Every structure is written in structure tokens, then in C-alpha cells.
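Basis for what follows: all heavy atoms, side chains included, without hydrogens, waters or symmetry-related copies. Each chain gets a letter, A, B and so on, in the order the sequences are listed, and its residues count up from 1. Everything numeric here is computed off the predicted structure, so don't read it as measured data.
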Amino acid sequence: MSLWEDLVWRGLVQDRSQGLGASALAAPITLYAGYDPTAPSLHAGNLQLIITMRRFRDAGHRVIALAGGGTGLIGDPSGKNAERALHDEATIEAWATRIEAQIRRLLGDDAIYENNRSWLEPLTAIDLLRDVGKHFPMGYMLAKESVKTRVHGEGMTFTEFAYMLLQAYDYAQLYERHECRLQIGGSDQWGNITAGVEFLKRTQRHGAYGMTTPLLLRADGQKFGKSEEGAIWLDPERTSPYAFFQFFLNTADDQVGTLLRRLTLLSRDEIEELEAAPPESRTAQRALAEHLVGIVHGDEGLREAREQTEALFGGRGEAEAVPVARDALSSWPAVFVAAGLVSSLSEARRLIKGGGLYAGEERVTEATPLPELGADDVLLLRKGKRERRAVRPET
RNA sequence: GGGGGGAUGUCCGAGUGGUUAAAGGAGACGGGCUGUAAACCCGUUGGCAUUGCCUACGCAGGUUCGAAUCCUGCUCCCCCCA
């Protein structure tokens, strides 16, 4: 199966410019995807695009990961219904560095890493207006979906309006520097991507394509990659390999096939076999979770995630216990707060009243006595069915 | 420059002097049913405290026995005209 056929089968092609297809990808080409450093880490929702780049790379194409060190200072209006808050340069640079390191782990060192700050910073206002802006008729820009929705809604400043010029300029720079011929991105990037393709065409630089992948949504249409705790980050400091594993293990049945196709590097045969497994066995969820933890956190992370899952849910092996100060062991609510399972004593009290907290397999009630913990004892706590954590007295 | 509208809890959104920790919806969380699914039903959803207190309706003051609701100033946003 060719790369293109594979992408189509996986449901990864949402929009594409004319002429992009199997034949355009027959010979190796150079492509890029950009990311704006608007957070200190990538999250699960960013995975689809990076894995898609990985597919291109594995098929022999050359991929460029472009950090938006410059554009991140402006703020992309796409997919947003309100003006973005601007961060300062130092923050953006620091985030860009961290994110690049994360992408390197997923794409390897043979990918090309660029930062558009290196050409946007020296770009003068005159250059931008003469060399780029001249090729953008107002009607064309105003017709963009990202502009229309904002102009008729919350409003938009010139800063964000001009964003598409910068992204088009990026594409042109990469076209010149690396003979980049394809830009890929999430479907909210389609407007910016076509602006780039259009700009190249108008400046006599031919053979440039664009493609987008569909937005990854949960079955109920909500944004993907968020849990009760907030986003599922790729940074193990923010979201442990165990929590990352649990997030994917809890994938709904009707979504697991989609995620296997879009996010994993498993083959079509492997995926179809997993989809055929009885849903109650959760084989597909387990395979998904293990595969992704492996890709993102490596063998070591996968081992940790498995061990913790086994210890907390299977009752075997040793769970990593959160050390809790002695005086927090004075009441059940305090213990659960210290363990990080609930955010306040009030919440803990409410949950106890509702029967949602457990110590070991015992439901905690107001009458449940607190156990006497020796220095080496570990107490298994549980909130509901899915969240578990072990604690031990602080020494 | 002129005129008008707006800022409410995680989000959307009611509320225009009193029983409002603030309707309703969404989301989230818990319980039940299950498979650490989905759907569905029930409950909870500011904090601290064993029925009381504190904090909260853009910010800062003021009026009042009492304000999210009235007044003043400020900040930010939107729309229209120039």
C-alpha cells in the first residue's frame, strides 16, 4: 500500500490541494508542518500531526518541523473565536525549545528543525508589505473562514489578520531553502496553508501543495486530549506515563478504531484484527495505550506505566506511593487531598458522602477508622473506579 | 472624535435593591448498570468548618439596614457613525 493510500485509509486526509495524491508522492519530496509554541509542552491532541509527519518520513520523504518562534509572537486566529493573549519573547523561545525536543524524540534527528524567527525577525515592514502583501487581494483575505467568523463575531485586530501573510512567507522561505513542496496541518490550518500555496503560485514558484488532517474529536464532539485533570501532556513531568497510558486505556469503544488508525504506526492488518476483538476484552484499548506510551515515552516509560497499572489495578507489584506528611493522616479528607486525588477537603467530604472514595477495596464512610500506618506501609486509595493512587507516610 | 451595547461561577447564559453561593444548559465528578466502555437513571459541582463563617458576579470607591442589581471613577471588549 502506498503512503497516500494508507493516509486515505486511515482517514487522515481532510483537504488537499489540486494534484496532490499518490503520483505527487511517488518520488521523495520535502514537506513541513509548523507549530506555534503557545504552551510549554505538546499534548495528546498534537500527536496526530506529528505521527503523520512520521508516516511521511518513514515512507522516505523529508520532513521539516517549523517552530513558530516568530509567528508565536503574533498569534494565529485560526480556530479561535477570541483574540489571543500574547506571550513575551523569552517565554515563546523557551517553549519552542522544549517542544522541539519533544518532536525530536518522535521524528528523530534526520528531520529538519527550523524556527521562523530566523527569517521573520529580519523581515522589515516594508519587505512584508511590498513583497508579500502585494500578492494578497483584500477580497481573498476577507473570504477566509477564520477571518469571516471573527469579523462577524468577537472582532479581530490587524495583527491576527496579518497572520496568514507570515505563514505564507514561511512556506516561501522553506520552498527556497529546502525545496519544500508540501505543507500539512490540522484542518483549522487550511486557510493559512492555501494562502501559502496561493502566494507561491502568484510569485511563479510552482508545484507546491497543501494538505490537512481532520480535527481529532471525541465521539461526543468535544475537543480531544483533555481529561478531568486538564490536557494530557506529552511531557512526563506534567502527565506521567502511567496517566498517559490510563487516558488511552479508557478510550470509548466507538473511538478506539479511529485512534488506532490515526495515531498509531500499526499496520492495517494489525488494526483490523484489533478492531475485530470483542470490545469487552479491551484488547484494542490496551494495544492503543501501549503503542502510544511506547512511542512517546519509550520502553522505560512503557514499563513504568504497565507496572503502575498492574500495582494499582491488579494488586500486584509495588505501586509508586506518594509520601504524605504524618499530620495529613489525621482525617480521611486530608489523606485524599494529600494524595492528590481530590482538590479540596470539601470535595473529599462530598465524595465520602456520595460513596465515591475507597481505601483499598473498602468504601470510606464517616465511620471508617483511619489505619495506623507503619513506616513501610502503603495505603491504596481510590476515587471512583478509574483513579487510584498509593500513599505512604512521609519519613 | 461622536453615539450605543457589554463584562456573572469551568464554559454558555438568566438575574436589574432583599430567603442569590447566584435560574437554566453544557461540561466535569461520584453512585447505579457494566468491561477501568457507550447509552441511560440518580446525585454532586467556591473554600473552610460536624448546620456557622469566609470569599465571589471586570477593577476601585460610594449610597443603603441590605447591592450581581443604584451612583462615581477606571480598565477591557463589541457595534454603528465620522
Checklist line | Donor-acceptor pair (no angle test) under 3.5 Å: Glu387(A) side chain, U36(B) base | finding: no

Check: Which residues, if any, of residues 355-362 of chain A bring a heavy atom under 4.0 Å of RNA chain B?
Finding: Gly355(A), Gly356(A), Tyr358(A)

Margin query: Expressed as a whole number of angstroms, how long is the span from Glu347(A):CD to U44(B):C1'?
Written below: 10 Å

Margin query: Nearest heavy atom decides the nucleotide; on that basis, is Gly354(A) or Phe245(A) closer to the 5' end of RNA chain B?
Written below: Gly354(A)

Check: If you measure from the C1' atom in C74(B) to the same atom in C81(B), how many Å do you get, rounded?
Finding: 26 Å

Check: For atom C1', what is the distance between C76(B) and C40(B), given to the nearest Å?
Finding: 44 Å

Notebook entry, point to check: For atom P, what is the distance between A21(B) and G35(B), given to the nearest Å?
Noted result: 45 Å

Checklist line | Main-chain N/O of Leu312(A) paired to Arg388(A) side chain as donor or acceptor, under 3.5 Å | finding: yes

Notebook entry, point to check: If you check every side-chain atom of Arg282(A), which of U45(B), C48(B), U36(B) has the closest atom?
Noted result: U36(B)

Next item on the list: Report yes or no: does Asn116(A) contribute a side-chain atom to a donor-acceptor pair with the main-chain N or O of Gly69(A) at less than 3.5 Å?
Entry: yes

Margin query: So if I take every side-chain heavy atom of Leu345(A) and compare against A38(B), U45(B), A49(B), which nucleotide ends up nearest?
Written below: A49(B)

Item checked: Rounded distance (nearest 0.5 Å) linking atom NZ of Lys134(A) with atom OG1 of Thr203(A) -> 15.0 Å

Notebook entry, point to check: Between U45(B), G30(B), G35(B), which nucleotide has the shortest distance from any of its atoms to the side chain of Lys383(A)?
Noted result: G30(B)

Checklist line | His297(A): which of Phe244(A), Trp233(A), Tyr242(A) passes ring-ring contact (aromatic ring centres under 6.0 Å, His included) | finding: Phe244(A)

Next item on the list: Find out whether the Lys NZ or Arg CZ of Arg306(A) is both under 6.0 angstrom from the six-membered ring centre of Phe245(A) and within 45° of the ring's axis.
Entry: no

Item checked: Distance test, side-chain N/O of Arg363(A) to OP1/OP2 of G32(B), below 4.0 Å -> yes

Item checked: Nearest-angstrom distance, P atom, A14(B) to C77(B) -> 22 Å

Item checked: Rounded interatomic separation in angstrom, taking CD from Gln246(A) and P from U36(B) -> 11 Å

Next item on the list: Kindly compute the distance separating CG (Leu165(A)) from CG (Asp131(A)), expressed to the nearest 0.5 Å.
Entry: 11.0 Å

Item checked: Side-chain donor-acceptor pair present, Glu362(A), Thr368(A), cut-off under 3.5 Å -> no

Next item on the list: Look at the side chain of Thr213(A) and the backbone N and O of Val13(A), then say whether any donor-acceptor pair between them is shorter than 3.5 Å.
Entry: no

Notebook entry, point to check: Nearest-Å distance, CZ (Arg350(A)) to P (U50(B))?
Noted result: 16 Å

Item checked: Tyr32(A) ring center within less than 6.0 Å of Tyr171(A) ring center -> yes

Item checked: Between P of C77(B) and CD of Glu160(A), the distance in whole Å -> 12 Å

Next item on the list: Would you classify Glu366(A) as touching base, sugar-phosphate or nothing, given that sugar-phosphate means primed atoms plus P, OP1 and OP2, and contacts are heavy atoms under 4.0 Å?
Entry: nothing

Next item on the list: For Gln255(A) and G35(B), give me the distance from atom CD to atom P, rounded to whole Å.
Entry: 22 Å

Margin query: From CH2 of Trp332(A) over to P of U50(B), roughly how many Å is that when rounded to an integer?
Written below: 18 Å

Next item on the list: Select base, sugar-phosphate, or nothing to describe what Ser281(A) touches, counting heavy atoms under 4.0 Å on all strands.
Entry: nothing

Next item on the list: Sticking with atom C1', work out how far C11(B) lies from G2(B), rounded to a whole angstrom.
Entry: 36 Å

Next item on the list: May I ask you to verify if any side-chain N or O of Arg349(A) is less than 4.0 angstrom from the OP1 or OP2 atom of A49(B)?
Entry: yes

Note to self: Using a 3.5 Å limit for the pairing distances, which stems of at least 3 consecutive Watson-Crick or G-U wobble pairs does RNA chain B take part in?
What the structure shows: B:1-7 with B:75-81, B:10-12 with B:24-26, B:27-32 with B:40-45, B:46-48 with B:52-54, B:58-62 with B:70-74

Note to self: Whole angstroms only, please: what is the CG-P distance between Leu288(A) and A37(B)?
What the structure shows: 16 Å

Margin query: Any side-chain N or O of Arg386(A) below 4.0 angstrom from OP1/OP2 of A37(B)?
Written below: yes

Notebook entry, point to check: Starting at CD1 of Ile352(A) and ending at P of U44(B), how long is that distance when rounded to a whole Å?
Noted result: 17 Å

Item checked: Atom C1', compared across G47(B) and G9(B): separation rounded to whole Å -> 13 Å

Note to self: Need one value for Leu249(A): base, sugar-phosphate or nothing, where a base atom within 4.0 Å counts as base even if backbone is also close, heavy atoms only.
What the structure shows: base

Checklist line | Closest-nucleotide ordering on RNA chain B, the 5'-leading residue of Leu351(A) and Glu280(A) | finding: Leu351(A)

Checklist line | Side-chain donor or acceptor of Asp36(A) paired with backbone N/O of Thr38(A) under 3.5 Å | finding: no

Note to self: Working to the nearest 0.5 angstrom, can you tell me the gap between Arg382(A) CZ and Leu357(A) CG?
What the structure shows: 10.0 Å

Item checked: C48(B) OP1/OP2 closer than 4.0 Å to side-chain N/O of Ser344(A) -> yes

